[in-house]
Engineer: 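Let me begin by handing over the structure; questions about it come next.
Since the structure is predicted, the reported quantities are computational estimates derived from the model, not experimental observations.
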Amino acid sequence: MSTPMVRAQGVRKHFGRLEVLKGIDLTVERGQVCCLLGPSGSGKSTFLRCINHLEKVDGGKLAVDGEPVGYRQHGNRLHELREREVAEHRRDIGMVFQRFNLFPHMTALENVMEAPVRVGAVARSTAREHAQSLLEQVGLADRARHYPAQLSGGQQQRVAIARALAMKPKLMLFDEPTSALDPELVGDVLDVMRQLAADGMTMVVVTHEIGFAREVGDTAVFMDEGIVVEAGDPRRVLVDPEQDRTRAFLSKVL
Ligand SMILES: Nc1ncnc2c1ncn2[C@@H]1O[C@H](COP(=O)(O)OP(=O)(O)O)[C@@H](O)[C@H]1O
Ligand SMILES: [Mg+2]
């Protein structure tokens, strides 16, 4: 058995007195797509932020690719990572948000090149070639010189996906990537994500696109109020759920 890409065991997180994650258990195997669903405020974004070292967990265990998030294992002891080490780990994880957060003063190509060039990972010319091929991959080869304001929301989101891929992540996190898009632009973004999954990328996707979750997801996880209510094969969980809470949620989003 290979090490899972993400393994959460009893993960807890609170903000002040508000308990947001109350013991999350979740495993994402390599090459799998895990779709996270649940009502607003259930802790989905917080959980993604924990995976990506943007929040510290307060309890339980969370590991990415076998390494405890935020810590380095040394024999039996855990040592807290320094900021620089955290940044290095974060580079292995691509994140795509609801809002695309592209740099407005940079072209699509420059946005995609930015991180690899900034961290000095590669020569500028290599970064440019790679960025161009990523834009091609997301169907935007002919938009490389456009600025974000000259692109539709769906195109901007595809640039954001290309930008996240530029650091060659081993894991991609998507936080409601199509929620801010006009309905007719959603399909192109989901197509890019579908292709990425088919190419073997490990993905955790917070989405309310039930069709996508059913078709592309290897697992569906339904969260409510900081706990996992139900998890399993999306073709069961999202079609014939066992829990009333899951059924009630699905009847609202479908
Ligand atoms: N930095 C923060 N400080 C205080 N409360 C927060 C913070 N981030 C999230 N929360 C609260 O945690 C709960 C879960 O939020 P979130 O993870 O964004 O849920 P979801 O993504 O499922 O909508 C909400 O009640 C939210 O207000
Ligand atoms: Mg959220």
Side-chain angles (χ1 to χ4, degrees), residues 32-40 44-45 47-49 51-52 54 93-117 127-169 171-218 220 234 238 250 252-254:
Q32 290 212 327
V33 176
C34 170
C35 292
L36 266 183
L37 300 92
S40 178
K44 306 177 301 293
S45 295
F47 184 63
L48 285 193
R49 291 169 59 81
I51 295 175
N52 201 19
L54 292 166
I93 303 174
M95 184 137 182
V96 175
F97 302 90
Q98 186 174 336
R99 297 264 160 217
F100 336 114
N101 310 116
L102 297 174
F103 296 114
H105 60 288
M106 292 185 186
T107 64
L109 189 75
E110 287 164 349
N111 266 283
V112 179
M113 290 171 59
E114 192 272 339
V117 168
R128 183 179 296 112
E129 276 170 36
H130 186 217
Q132 185 64 46
S133 76
L134 287 170
L135 286 175
E136 201 165 314
Q137 186 183 330
V138 301
L140 294 173
D142 58 342
R143 294 289 187 275
R145 289 171 190 285
H146 287 59
Y147 287 88
Q150 301 170 313
L151 300 170
S152 73
Q155 291 171 334
Q156 289 182 59
Q157 190 60 304
R158 285 184 281 150
V159 173
I161 293 172
R163 184 180 58 175
L165 292 171
M167 293 299 285
K168 303 185 176 155
L171 170 66
M172 285 282 286
L173 309 176
F174 294 86
D175 197 351
E176 302 201 34
T178 59
S179 297
L181 300 178
D182 291 331
E184 74 273 20
L185 303 177
V186 168
D188 287 341
V189 173
L190 293 181
D191 283 345
V192 166
M193 293 168 63
R194 194 175 282 121
Q195 188 57 49
L196 203 53
D199 291 343
M201 179 60 79
T202 310
M203 300 166 40
V204 182
V205 184
V206 176
T207 184
H208 295 152
E209 295 289 335
I210 307 294
F212 175 86
R214 256 196 324 236
E215 183 199 332
V216 181
D218 294 290
L238 304 177
L250 288 175
K252 275 182 215 152
V253 296
L254 279 177

Engineer: Side-chain atoms of residues 175-193: list all donor-acceptor pairs with protein atoms under 3.5 Å, sequence neighbours left out, distances to 0.1 Å.
Structural biologist:
residue : atom : partner : partner atom : Å
D175    : OD1  : S45     : OG           : 3.4
D175    : OD2  : S45     : OG           : 2.6
E176    : OE1  : S179    : OG           : 2.8
D191    : OD1  : R194    : NH1          : 2.5

Engineer: Could you please spell out the steps behind the side chain to side chain contact (heavy atoms under 4.5 Å, CB included) verdict for F103 and E110?
Structural biologist: CA-CA 9 Å; F103 296 114; E110 287 164 349; over 6 Å; no
Engineer: Starting from the C-alpha separation in whole Å, work towards a yes-or-no answer on side chain to side chain contact (heavy atoms under 4.5 Å, CB included) for I210 and L37.
Structural biologist: CA-CA 9 Å; I210 307 294; L37 300 92; 3.4 Å; yes
Engineer: Should R143 and V159 count as side-chain neighbours, where that means a heavy-atom distance under 4.5 Å?
Structural biologist: no
Engineer: Applying side chain to side chain donor-acceptor pair (under 3.5 Å) as the test, list every pair that has at least one member in residues 195-208; sequence neighbours left out.
Structural biologist: Q195-D199
Engineer: Check ring-ring contact (aromatic ring centres under 6.0 Å, His included) between H130 and all other residues, then give those that pass, not counting sequence neighbours.
Structural biologist: none
Engineer: When you measure from the side chain of K44 to the backbone of V205, do you find a donor-acceptor pair of N or O atoms at a distance under 3.5 Å?
Structural biologist: no
Engineer: Looking at M95 and L48, what are the two nearest heavy atoms and their distance?
Structural biologist: CE-CB, 4.1 Å
Engineer: Please report the closest heavy-atom contact between A164 and M172, naming both atoms and the distance.
Structural biologist: CB-CE, 3.7 Å
Engineer: Which is it for M203 and V216 under the side chain to side chain contact (heavy atoms under 4.5 Å, CB included) test, yes or no, and what are the steps along the way?
Structural biologist: CA-CA 10 Å; M203 300 166 40; V216 181; 5.6 Å; no
Engineer: Within the 4.5 Å heavy-atom criterion, are C35 and R214 side-chain neighbours or not?
Structural biologist: no
Engineer: Kindly indicate whether the side chain of F174, heavy atoms from C-beta on, has any atom under 4.5 Å from the side chain of L196.
Structural biologist: yes
Engineer: By the definition side-chain contact (heavy atoms from CB on, under 4.5 Å), identify the one residue from N101, V96, L135, V138 that meets it with R163.
Structural biologist: N101
